[in-house]
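In what follows, a single structure is set out as structure tokens and then discussed.
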Amino acid sequence: MLMKHATGVDQAVGMSLVVFSLVLFTYYSVWVIVLPFVDTDHVLHKYFLPREYSVILPGIAAVILLLCIGAFTAVIMWKTHKPKKLD
């Protein structure tokens, strides 16, 4: 079986997605885990949103993700729908 290797563009896009995910994970981890133990007047607090958003933003992202999955499933089911034969 002949396997095709990813092109340079595919590899660049994949690497950028990995880097973006790593940065986002690090930012969120520091925001949720480290920041509550830092004094409120510390300079680190100006780089982060208020703590309420640490729950609201992932919740909104989860709702959007579920809507996209539901829409994708609905489109696939609609496209593969075969009408019943009437006897």
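We're numbering straight along the sequence, starting at 1. If you're wondering where the values come from, they're calculated on a predicted model, not measured in any experiment.
With values rounded to the nearest 0.5 angstrom, Leu24 atom CG is found 12.0 Å from Leu17 atom CG.
Looking at Phe48 and Tyr27, their side chains come closer than 4.5 Å, going by heavy atoms from C-beta outward.
Linking Ile, Leu, Val, Met, Phe, Trp and Tyr residues whenever their side-chain heavy atoms come within less than 4.5 Å places Met15 and Val23 in a single cluster. Taking hydrophobic clusters as Ile, Leu, Val, Met, Phe, Trp and Tyr residues chained together by side-chain heavy-atom distances below 4.5 Å, Val34 shares a cluster with Leu57. Hydrophobic clustering (ILVMFWY, side-chain heavy atoms < 4.5 Å, transitive): Ile60 and Leu49 are in distinct clusters.
Considering all non-hydrogen atoms of both residues, Ser54 and Tyr28 come closest at O-OH, 2.7 Å.
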Let me have the donor-acceptor pairs involving side chains of residues 39-47, under 3.5 Å, with sequence neighbours excluded, atom names and distances please.
unit_1	atom_1	unit_2	atom_2	d
His42	ND1	Leu44	N	3.0
His45	NE2	Val38	O	3.3
His45	NE2	Asp39	O	3.0

